[in-house]
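These notes concern the structure reproduced below.
This chain uses plain numbering: 1 for the first residue, then up along the sequence. The model shown is predicted, which means the values in this text are computed figures rather than measured ones.
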Amino acid sequence: MVLPKTLIAKNGTNMKTNKIAIAAVSLLLASASVLTAAGISQAATIQSHPSQAFAERIETLLELPGLSEREVSVLSEAAKTGEISIEAYEATHAEYARCVSDLGFKPEFRKADKGFYVELPYRDVVDPEGLDKAVISCSQDSDAIYSLFTTQQMNPTMEVDARIVAIQCLSEIGSVPEGYSPDQFWSDYKAMEFPFPQYEARNNDCMYGAGFAAFDLG
């Protein structure tokens, strides 16, 4: 099953062709279009353990048509245990990387502190259409797993404002000042000018994991 947010994050045309590629991957966080009231600060801390809302998200995904056997198996186990296991995620990731490589492309990844993989932009691609097809094909049985595991690691309480998810992660590593607000983050994101180096790996991972992928292709 191919979820739209993965197509943007992994395979957006801008990511491969623009000088600076930016993709807001809102579906990663369920419904990021539902924003909390203005003025919420980073004091709204995201808890580190999966919530009832996260469990409900697993059940919702399981009801979607078109899931692969792998996705059904991994999500069904997650419904029992409350989370996707690291072993299941790593196996899924290894299979995806192998699949893309077998089709003649060279995927590169960076592992974030929170355990999910950031797929880096493909470079020197001579067959963009072929890459598109390869990524779509290889994602058929992994997208729901990728999406849910990243949400599990970044946003287990299913905070609906993706900006807060990004700020919380950035705050944990000391990259944003106290009181840095969702509105400030959004303004900085639109301008691509932050009070931290956004392309530094740990900062970049926080943004990617919250659904704000930004890569410097220079």
Within this structure, what is the [atom1]-[atom2] distance for the pair [X] and [Y], rounded to the nearest 0.5 Å?
| X | Y | atom1 | atom2 | answer |
| --- | --- | --- | --- | --- |
| L170 | F196 | CG | CZ | 4.5 Å |
| F215 | Y199 | CZ | OH | 10.0 Å |
| E178 | S171 | CD | OG | 8.5 Å |
| C169 | N155 | SG | CG | 11.0 Å |
| L61 | R57 | CG | CZ | 4.5 Å |
| S181 | R163 | OG | CZ | 8.0 Å |

Go through the structure and list residues passing side chain to side chain contact (heavy atoms under 4.5 Å, CB included) with S187, not counting sequence neighbours.
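With neighbours one apart ignored, the set is empty.
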Hey, are the side chains of [X] and [Y] touching, using non-hydrogen atoms and a 4.5 Å cut-off?
| X | Y | result |
| --- | --- | --- |
| P182 | I167 | yes |
| L67 | D141 | no |
| L131 | V135 | yes |
| E77 | T81 | yes |
| M207 | Y189 | yes |
| Q184 | W186 | no |
| I58 | L62 | yes |
| D143 | E71 | yes |

Looking at every non-hydrogen atom in both residues, tell me the closest pair between [X] and [Y] and how far apart they are.
| X | Y | answer |
| --- | --- | --- |
| A210 | A162 | O-CB, 3.6 Å |
| M158 | T151 | SD-CG2, 3.5 Å |
| L103 | C138 | CD1-SG, 3.7 Å |
| A213 | Y208 | CB-CD1, 3.8 Å |
| N204 | A214 | ND2-O, 2.6 Å |

Please lay out, stage by stage, how Y146 and I84 fare under the test side-chain contact (heavy atoms from CB on, under 4.5 Å).
CA-CA 10 Å; Y146 263 104; I84 291 179; over 6 Å; no
Side-chain donor or acceptor of S85 paired with backbone N/O of A88 under 3.5 Å
yes
Between S73 and E69 (side chain of the first, backbone of the second, donor and acceptor by atom type, cut-off under 3.5 Å), is there such a pair?
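Side chain of S73 to backbone of E69: no pair is present.
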Connected via hydrophobic side-chain network under 4.5 Å: [X] and [Y]:
| X | Y | value |
| --- | --- | --- |
| F54 | L64 | yes |
| M154 | F109 | yes |
| F212 | M192 | yes |

Should R110 and D205 count as an ion pair when the cut-off is N to O under 4.0 Å?
yes
Have Y96 and E119 got a donor and an acceptor in their side chains that come within less than 3.5 Å?
yes
Are a donor atom and an acceptor atom from the side chains of Y117 and E90 found within less than 3.5 Å of each other?
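Result is yes, a qualifying pair exists.
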So with a 6.0 Å cut-off around CD1 of I173, is the heavy-atom count from everything else above 12?
yes
Should we say atom CD of E200 is surrounded by more than 12 heavy atoms from elsewhere, each under 6.0 Å from it?
yes
Picking from Q152, Q153, E172, what satisfies side-chain hydrogen bond (donor to acceptor under 3.5 Å, both in side chains) with K114?
E172
Please determine whether side-chain contact (heavy atoms from CB on, under 4.5 Å) holds for the pair I164 and E159, giving the CA-CA distance in whole Å, both sets of side-chain angles, and the decisive distance to 0.1 Å.
CA-CA 8 Å; I164 291 179; E159 166 59 56; 3.9 Å; yes
Would you say the ring centroid of Y89 lies under 6.0 angstrom from that of F116?
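No, the ring of Y89 stays outside the 6.0 Å limit from the ring of F116, centre to centre.
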